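Notes for the one structure printed next.
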Amino acid sequence: MGAEASHRDLLLLGASGQVGRAICAHDQLAPRVAIADRTSVDLTEPASIRSAIRSARPRWIVNAAAYTNVELAEDEPERAFAANAVAPRVIAEEAQTVGAAVVHYSTDYVFDGKAREPYAESAATAPLSVYAASKLDGERGIAESCERHVTIRTSWVYSEHGKNFLKTVLRLALERDKLTIVDDETGVPTAAHELAAVTAVIVASLDDVAENDARWGLYHYAAAGATSRHAYAKDIVTQASVRGFPLLATPDSVIPVSSAAFPMKAERPGYSVLSTSKIENAFGIAPPPWQDSVGQVLERLKTEAAPEARHA
Ligand code: NDP
């Protein structure tokens with residue numbers, strides 16, 4: 001870490017989101033974090049972004065803020081593009097001006113899902129939805145406007161906070177004895193705490209390096225392995241049951257169904273497994289099996305639920 005590492009020299013956007021909260025909770029990152037929340041920075045107001053960065057003059061900007069409602073984006077393309085495409089470019093321009101480095105996050109949805117082997121960073125993109133197209137534009141804005149940047153594409157993010165697939169499945173399994181879950185989408189569940197840990201490694205590794213270091217650029221990070229939504233839901237039910245959650249559903253009552261049974265406005269890629277060899281080789285990062293973090297997040301949800309259960 002650099003000499004100034006004890007200062008709050010890492011400006012975090014999106015601190016209330018899944019990844020933002022995990023960054024705030026990370027031992028190595030937390031002491032450096034200065035939060036710019038929605039009251040000071042609105043992604044859809046470029047002037048607010050510019051003034052926050054100019055006054056903070058951070059060493060790092062970590063952009064965990066984004067318009068993440070994939071369905072609603074189909075109806076609100078202007079808002080999605082303002083937050084996911086225009087804002088990252090503005091962030092990167094200001095970072096370049098004040099000499100900050102940027103960490104930004106993007107999505108597996110930039111791919112169309114027609115591949116049958118993990119996507120490398122160099123694979124052709126073909127976004128299927130407004131959200132995906134806006135995020136792809138944002139990646140380009142970052143890459144074109146700031147030399148010292150790392151963009152991390154990731155997939156199926158979940159944590160104990162916010163809205164996500166794991167929490168929805170857990171809630172349904174507590175309420176119902178049968179769940180129907182799509183089995184024709186393959187990807188990799190990735191915990192927000194893994195992304196915070198990866199961000200910490202990248203920040204520490206690149207703290208003092210120049211813009212011509214070969215490690216700046218675009219990376220894929222996801223946990224190890226791959227699964228369908230259906231098998232993921234079964235694992236959540238299995239692991240939650242082992243941990244004593246009073247579920248009505250059982251692993252055998254999680255029924256596979258085609259995504260055609262749940263028509264959505266935004267098309268999702270059928271296959272979006274990301275190859276992580278580039279980030280493994282550049283930073284010595286070893287993604288854990290996706291099931292490990294599912295267990296850890298369920299443990300945290302169990303601990304959080306315990307006091308309520310006692311008072312119920
Ligand atoms: P969340 O939806 O949990 O959090 C989004 C954050 O962005 C919140 O802090 C939210 O603030 C903030 N935000 C949204 N709109 C604005 C705005 N106009 N101005 C300022 N802040 C705003 O996101 P995640 O943590 O899940 O995602 C982090 C990153 O990972 C994003 O770039 C996302 O695209 C990417 N990603 C996410 C995946 C997923 O499955 N969730 C999958 C792949 C990539 P507030 O709380 O006030 O609304």
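Please read all numbers here as calculations on a predicted model, not as lab measurements. Just follow the structure's listing: the first ligand is 1, and inside any ligand the first atom is 1.
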Protein contact to [atom] [nearest heavy atom, distance to 0.1 Å]:
atom	answer
atom 30 (O) of ligand 1	Y105 CB, 3.7 Å
atom 10 (C) of ligand 1	S16 OG, 4.0 Å
atom 48 (O) of ligand 1	R38 NH2, 3.1 Å
atom 14 (C) of ligand 1	A66 O, 3.1 Å
atom 3 (O) of ligand 1	Q18 N, 2.9 Å
atom 34 (O) of ligand 1	Y131 OH, 2.7 Å
atom 43 (C) of ligand 1	T154 O, 3.3 Å
atom 19 (N) of ligand 1	L43 N, 2.9 Å

According to the interplanar angle, ranging from 0 to 90°, do the rings of F111 and Y119 count as parallel (below 30°), tilted (30 to 60°) or perpendicular (above 60°)?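 Plane angle under 30°, so parallel.
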Specify whether Y109 and Y131 have parallel, tilted or perpendicular ring planes, treating 30° as the upper limit for parallel and 60° as the lower limit for perpendicular.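 The arrangement is perpendicular - the two ring planes meet at more than 60°.
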Short N or O distance, G17 and ligand 1, threshold 3.5 Å exclusive: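 Yes; the residue has a nitrogen or oxygen that sits under 3.5 Å from a nitrogen or oxygen of the ligand.
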Has ligand 1 got any nitrogen or oxygen that is less than 3.5 angstrom from a nitrogen or oxygen of A65?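 Such a contact does not occur with ligand 1.
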Proximity flag [X] to ligand 1, non-hydrogen atoms under 4.0 Å:
X	value
W156	yes
F165	no
S106	yes
G162	no

What are the atoms of ligand 1, with element, lying closer than 4.0 Å to any heavy atom of [X]?
X	value
A64	6 (C), 28 (C)
V41	19 (N), 20 (C)
K135	31 (C), 32 (O), 33 (C), 34 (O)
G14	9 (O)

Contacts of H193 that satisfy side-chain hydrogen bond (donor to acceptor under 3.5 Å, both in side chains) - sequence neighbours left out: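 Once residues adjacent in sequence are excluded, the partners of H193 under the side-chain hydrogen bond (donor to acceptor under 3.5 Å, both in side chains) criterion are S293, Q296, R300.
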Tell me, please, which residues at least two apart from D213 pass side-chain hydrogen bond (donor to acceptor under 3.5 Å, both in side chains).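 Result, side-chain hydrogen bond (donor to acceptor under 3.5 Å, both in side chains) vs D213: R215.
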Nearest neighbour of [atom] from the list [options], on a heavy-atom basis:
atom	options	result
atom 23 (O) of ligand 1	T44, T68, N63	T68
atom 40 (O) of ligand 1	V157, I35, N84	V157
atom 18 (N) of ligand 1	V19, D42, L12	D42

Has T190 got a side-chain atom pairing as donor or acceptor with S155's backbone, closer than 3.5 angstrom?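 Indeed, once roles are kept as given, a pair shorter than 3.5 Å links the two residues.
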Q291 backbone acceptor or donor facing Q239 side chain under 3.5 Å: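 Side chain of Q239 to backbone of Q291: a pair is present.
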How long is the gap from CG on L12 to CD1 on I23, to the nearest 0.5 Å?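 Interatomic distance, L12 CG to I23 CD1, rounded to 0.5 Å: 5.5 Å.
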If you measure from NZ on K135 to OG1 on T125, what distance do you get to the nearest 0.5 Å?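 One gets 14.0 Å once the value is rounded to the nearest 0.5 Å.
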Determine whether T199 and Y105 satisfy the following criterion, side-chain hydrogen bond (donor to acceptor under 3.5 Å, both in side chains), listing intermediate values before the conclusion. CA-CA 10 Å; T199 302; Y105 305 93; 2.7 Å; yes
Quick check on R176: does its CZ atom have over 12 non-hydrogen neighbours (other residues, nucleotides or ligands) under 6.0 Å away?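 For R176, atom CZ is not crowded (no more than 12 foreign heavy atoms under 6.0 Å).
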Do you know which two heavy atoms are closest between V273 and A226, and how far apart they sit?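 The pair with the smallest heavy-atom distance is CG2-CB, 3.7 Å.
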May I ask you to check if R79 and Y67 form a cation-pi contact, with NZ or CZ under 6.0 angstrom from the six-membered ring centre and within 45° of the axis?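 Cation-pi check for R79 and Y67: fails.
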Are side-chain N/O atoms of Y221 and E194 paired as donor and acceptor at under 3.5 Å?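 Yes, side-chain donor-acceptor contact under 3.5 Å.
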